[in-house]
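Order of appearance sets the numbers: ligands from 1, and atoms from 1 within every ligand.
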Amino acid sequence: MNKMLGGRDVRKLIVAYMNDRHKKLKRINEDPTRIYAYEASQCTRLSYYERVDPITSNSTELFQFLLTYGFRHSFENIESEYKVDNLTLVLAADIILEKELVVRMHITDSFPGSPKPQDLLYLNACLYSFDKAEGILIYVLGDGRTSEFLVAKSAKMFEELIRRARVLSTLLKERRVPIIEPSESCMTCKYYGRCYMIERKETSFSIESLFGKSKDEST
Ligand code: SF4
């Protein structure tokens with residue numbers, strides 16, 4: 001699309017509007033003693049950058065966020081806060097079935113073979129915050145197919161999430177960037193360039209030279 005509106009680029013206007021909505025809906029807070037559970041369950045470096053020095057999202061990320069937001073808010077989205085010392089963990093369950101089973105849903109491109117670690121950490125924190133024994137993680141594809149995993153409460157996983165929330169809280173107070181957490185998520189992360197500085201340089205190295213052939217012989 002390359003349409004002009006009163007001399008202004010329509011695409012740019014839409015992206016600016018979407019970024020504004022994104023900021024409002026994301027509810028990034030300034031208080032380092034209040035940590036959203038998703039900030040502690042995902043890469044803490046990413047969470048830090050999103051609060052302190054964010055990069056504007058591209059349109060794919062914006063639409064993904066809005067799809068997830070709309071999907072999640074079509075359920076109950078029951079918020080809760082869990083206090084540990086001077087730290088408050090903020091989280092939400094999509095549904096609580098029969099007052100017993102905490103449900104958390106995720107839209108996905110393909111079904112994971114096992115639950116994603118960050119989704120497990122998040123759901124487990126919900127089990128503690130809502131004082132429930134079990135939860136269910138549901139992955140939903142665009143065509144409506146689903147895959148479910150039953151998750152039991154784990155003290156170790158909860159300790160780990162609290163530890164991560166504490167580290168993020170401290171680093172936010174001290175304005176220190178958390179360490180890099182290498183994972184598959186880095187490949188699609190908008191902060192990849194900040195974490196992994198790669199310089200493309202011409203080199204005389206070739207795979208063939210490893211096996212005793214010079215670059216010229218191999219052609
Ligand atoms: S590139 Fe990886 S380590 Fe860096 S912020 Fe993103 S997810 Fe975290």
Side-chain angles (χ1 to χ4, degrees), residues 15 18-69 71-72 87-92 104-126 137-142 147 149 151 154 156-201:
V15 171
M18 300 281 291
N19 265 305
D20 197 43
R21 289 297 299 155
H22 189 216
K23 266 185 219 149
K24 282 182 185 140
L25 295 174
K26 233 176 169 185
R27 297 195 306 171
I28 294 281
N29 79 62
E30 303 285 324
D31 181 355
T33 65
R34 287 177 69 80
I35 301 288
Y36 288 110
Y38 79 84
E39 293 180 298
S41 63
Q42 70 183 10
C43 167
T44 50
R45 187 171 170 108
L46 165 63
S47 302
Y48 179 93
Y49 281 145
E50 285 288 87
R51 280 205 191 196
V52 175
D53 185 16
I55 291 178
T56 306
S57 302
N58 63 28
S59 56
T60 309
E61 193 191 347
L62 288 173
F63 280 114
Q64 269 174 354
F65 171 82
L66 291 173
L67 277 175
T68 302
Y69 183 89
F71 177 73
R72 218 173 267 308
L87 182 79
T88 304
L89 196 65
V90 186
L91 36 72
R104 182 84 178 158
M105 311 227 194
H106 294 277
I107 301 176
T108 182
D109 295 338
S110 59
F111 290 137
S114 320
K116 294 181 186 171
Q118 71 186 70
D119 300 339
L120 278 176
L121 284 175
Y122 189 102
L123 177 59
N124 187 58
C126 287
L137 261 179
I138 306 182
Y139 291 100
V140 186
L141 293 186
S147 169
F149 297 93
V151 178
S154 156
K156 272 201 159 163
M157 270 204 293
F158 190 53
E159 278 165 26
E160 175 59 15
L161 187 92
I162 295 294
R163 185 193 66 77
R164 293 174 61 81
R166 278 210 176 100
V167 169
L168 178 60
S169 172
T170 304
L171 295 178
L172 281 166
K173 281 180 208 156
E174 296 173 0
R175 283 290 197 258
R176 286 196 291 131
V177 183
I179 56 165
I180 291 172
E181 296 182 27
S183 77
E184 277 289 308
S185 309
C186 298
M187 300 308 292
T188 49
C189 178
K190 63 184 175 181
Y191 299 106
Y192 184 98
R194 283 190 192 169
C195 298
Y196 307 100
M197 304 289 264
I198 297 172
E199 213 181 327
R200 232 176 240 279
K201 272 189 174 170

query = How many protein atoms of type N/O/S are positioned less than 2.8 Å from atom 4 (Fe) of ligand 1?
reply = 1
message = Tell me whether the NZ or CZ atom of Arg104 lies within the 45° cone about the ring axis of Tyr122 and under 6.0 Å from its centre.
response =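 Yes - Arg104 lies over the ring of Tyr122, closer than 6.0 Å to its centre and within 45° of its axis.
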key: Residues Thr44 and Glu181: side-chain donor-acceptor under 3.5 angstrom   =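 There is such a pair (donor and acceptor under 3.5 Å, judged by atom type) between the side chains of Thr44 and Glu181.
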query = Going by atom types alone, do Tyr191 and Glu50 pair a side-chain donor with an acceptor below 3.5 Å?
reply =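 Per modelled atom types, Tyr191 and Glu50 side chains form a pair under 3.5 Å.
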message = Taking atom OH as the centre, does Tyr196 end up with more than 12 heavy-atom neighbours from other residues, nucleotides or ligands that are less than 6.0 angstrom away?
response =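 It does: Tyr196 OH has more than 12 such atoms within range.
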inquiry  = More than 12 heavy atoms of other residues, nucleotides or ligands under 6.0 Å from CD1 of Ile179: yes or no?
reply    =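 Not buried by this count: 12 neighbours or fewer within 6.0 Å.
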task = Check the pair Asp119 / Tyr139 against side-chain hydrogen bond (donor to acceptor under 3.5 Å, both in side chains), numbers first and verdict last.
result = CA-CA 10 Å; Asp119 300 339; Tyr139 291 100; 2.6 Å; yes
